[in-house]
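The structure displayed is predicted, hence computed values, not measured ones. Every chain is numbered from 1 and lettered A, B, ... according to where its sequence line falls, protein lines coming before strand lines.
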Number of protein chains: 2
Amino acid sequence: MATQRVLDFLASRRPAGPCLIVDLDVVAENFRAFEKALPQSKIYYAVKANPAPEILRLLARMGSSFDTASVAEIEMALDAGATAERISFGNTIKKERDIARAYELGIRLFAVDCVEEVEKIARAAPGAQVFCRVLTDGEGAEWPLSRKFGCVPTMAVDVLRHAASLGLDAYGVSFHVGSQQTDLSAWDRALGDAKKVFSTLAGEGIVLRMVNMGGGFPTRYLRDVPAAEVYGQAIFEALSKHFGNVIPETIIEPGRGMVGNAGVIKSEVVLISRKADNDNVRWVYLDIGKFGGLAETMDEAIRYPILTERDGDEKGACVLAGPTCDSADVMYEKSPYPLPLSLTIGDEVLIEGTGAYTTTYSAVAFNGFEPLRSYVI
Amino acid sequence: MATQRVLDFLASRRPAGPCLIVDLDVVAENFRAFEKALPQSKIYYAVKANPAPEILRLLARMGSSFDTASVAEIEMALDAGATAERISFGNTIKKERDIARAYELGIRLFAVDCVEEVEKIARAAPGAQVFCRVLTDGEGAEWPLSRKFGCVPTMAVDVLRHAASLGLDAYGVSFHVGSQQTDLSAWDRALGDAKKVFSTLAGEGIVLRMVNMGGGFPTRYLRDVPAAEVYGQAIFEALSKHFGNVIPETIIEPGRGMVGNAGVIKSEVVLISRKADNDNVRWVYLDIGKFGGLAETMDEAIRYPILTERDGDEKGACVLAGPTCDSADVMYEKSPYPLPLSLTIGDEVLIEGTGAYTTTYSAVAFNGFEPLRSYVI
């Protein structure tokens, strides 16, 4: 996944220290693939995945809308050229003063998952459109979602009814099947739940019009994943099955699926050692770790492909760790990572599939190390 | 633990958004307590715990030495007024060019845990003092150390012998009993291991002179912990037991123990909701979470005391979560946290014992949220 453009950049620029390089051509290709796979859906790029201005400008130019998590992200999307009607304030947890600020900036689309949030929006963003997030089970996702966001479908009915009663536009429901979701039936189950909310409220004269299908579209890490088209087909079939002829407007919110495979982190081997003479596992320490951008290796959830210049050589199991004095800064230990036996201190490695959830996750100055630098080319 | 000075600061300054307030008087008191408890030991403050310049300047003035994890931290300690001979480069994972830079800056004391690192130091910092970190089991620590740092004692003998053979000063051994260690016998076991390394090398004519006993001194979270004096007494007894009349120089590296209880985070309740009508656990969302400075709630390892203005009221179980659109941003879920039933959106809460490992752990811009601000008073 390290494209020739990325390799050329690294060869000519030789940036010092760990850094992320994002290839905009890949982002553009991903955007077109989503458009092609789900031609009826509006694409809201999840800004939190990677808010680099170059990425936001490219996507704004290509016609993307934007899913934002904070006022700062709304401002970034506006700065990149998106108009307010293409921006959703998709965080279900918002301070009332932030809702008011978003409303001032022209935002009219908000996520909710409880009546308490509906009441804030009714006060701070009168008349706005709201969609209610419904809990899904997240089964099959590599980075599973907890119950943090959403409510059960029966409660979603109450939430949207309450919104309508307060003069808000009860617009639809959202769900998120979990990041890196590879089980296509997850969308089918979630769309079935969504339809029930639609039907119940329709019986009371409240007509929902939109289903926000969230993200969860995987990027390729170590295993092959179904391509966007396969997802599109499965989702289209599930929509038809549950909604028949009256298919609602749909929104998707790819983040990782848009930028994950567009990024490669360049890192350096700082140390290779053993803990005892009879250790059969080497410890390989890189100059990037869990606090420097690889936070998603938490619980070894995401296993990135790692390239070295010695990949033809025989491999052996390694524990892979970061450079900080923090014992939690270990990426892969329970499932050791096979790396070439010839790997040497000072070698460069490329960590692929790191375009999403890396730069902004990195610690501001932990152990004095600076946050992950990034180059968008 | 929120001192009157902190409460007065909050009342008069009313800082907006989540922030940490550190009371320097508490830091000074902690420093004096360590001095009193272990009068024979040199105190090397672990800069990574909280590198705020005001803290470093205070400790430099009080006579502290400094344990650093990177060149940036070395520079911070120098800027704060510490001279180079009071600074240890305590990270066992160092780039050779960083060792060279530290040497240029006058640093002559380095941590190692393998022959590979010894060779870097011999090349980049000829003649420097090195101490070898020995693995301990970390049993009894709340924030357990993995095997990331250190080697088994028999290998430490090889490492220090190799250092001596390359012209380095084989100075001693170090260990770290694990953060928040409350089992006093952990120091006894580790000192027993250290003594074995001393004895073996003495038999070869290599005379070690120093034991670096690391950190691990707990700060008070929810449960009472033995005071510094009790630690001092236990450590003194263990030193006498293993080293008899020839007690080596000792170093301690408190981080959390120096600043943990000096800091309080002020946060705001953004949302309180339930996921279903019959939920018996409320979800309480704060404007700070795992990515905003509370990283050490990972796996619910550290349970901070939380104060509200309604603590006299009846309490009920809550899941406590942060404000980001990340489902991993949940602090306490497996063990719900009791908070007043009367707690209301917009309420302020104080999270105590947060002076260490919070500001620098916070994500640089995740979800568009800015890193944790801090006020040192």
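Residue Glu96(B) does not touch chain A at all, counting heavy-atom pairs closer than 4.5 Å. Looking at Pro371(B), only its side chain comes within 4.5 Å of chain A, counting heavy atoms on both sides. Looking at Leu372(A), there are no atoms closer than 4.5 Å to chain B (heavy atoms on both sides), in backbone or side chain. With a 4.5 angstrom heavy-atom cutoff, Glu268(A) touches chain B only via side-chain atoms. Of the two parts of Thr68(A), neither the backbone nor the side chain holds a non-hydrogen atom closer than 4.5 Å to a non-hydrogen atom of chain B. Neither the backbone nor the side chain of Asp98(B) has a heavy atom closer than 4.5 Å to any heavy atom of chain A. Residue contact with chain A, scored on non-hydrogen atoms closer than 4.5 Å, involves the backbone of Lys94(B) exclusively. The contact between Asp158(A) and chain B is made entirely by side chain atoms (from C-beta outward), counting heavy-atom distances below 4.5 Å. At a 4.5 Å heavy-atom cutoff, Ile74(B) makes no contact with chain A through either its backbone or its side chain. Using a 4.5 Å cut-off between heavy atoms, Cys151(A) touches chain B through backbone and side chain atoms alike.
Contact tally against chain A (heavy-atom pairs below 4.5 Å) for Phe366(B), Phe369(B), Tyr357(B): the top residue is Phe366(B). For chain B, the option among Gly293(A), Ala72(A), Ser362(A) with the highest count of heavy-atom pairs below 4.5 Å is Ser362(A). Ranked by heavy-atom pairs under 4.5 Å with chain A, the first of Val269(B), Thr154(B), Val47(B), Asp287(B) is Asp287(B). By number of non-hydrogen pairs under 4.5 angstrom with chain B, the leading residue of Lys120(A), Glu333(A), Glu370(A) is Lys120(A). Of the listed residues (Ala365(A), Cys325(A), Ala363(A), Gly368(A)), the one with the most heavy-atom contacts under 4.5 Å to chain B is Cys325(A).
Inter-residue side-chain proximity for Asp299(A) and Asp299(B) is flagged as met; some heavy-atom pair is nearer than 4.5 Å.
The nearest pair of heavy atoms linking Lys275(A) to Gly150(B) is CD-O, 2.9 Å. Contact between Ile93(B) and Thr324(A) at its shortest, heavy atoms only, is CD1-O, 4.2 Å.
Classified by interplanar angle (parallel below 30°, tilted 30° to 60°, perpendicular above 60°), the ring pair Phe291(B)/Tyr361(A) is perpendicular.
Ion pair Asp326(B)/Lys148(A) not flagged as a salt bridge, since none of the NZ, NE, NH1 or NH2 atoms sits closer than 4.0 Å to an Asp/Glu carboxylate oxygen.
Distance alone, capped at 3.5 Å, is enough to place a donor-acceptor pair between the Asn91(A) side chain and the Pro323(B) backbone.
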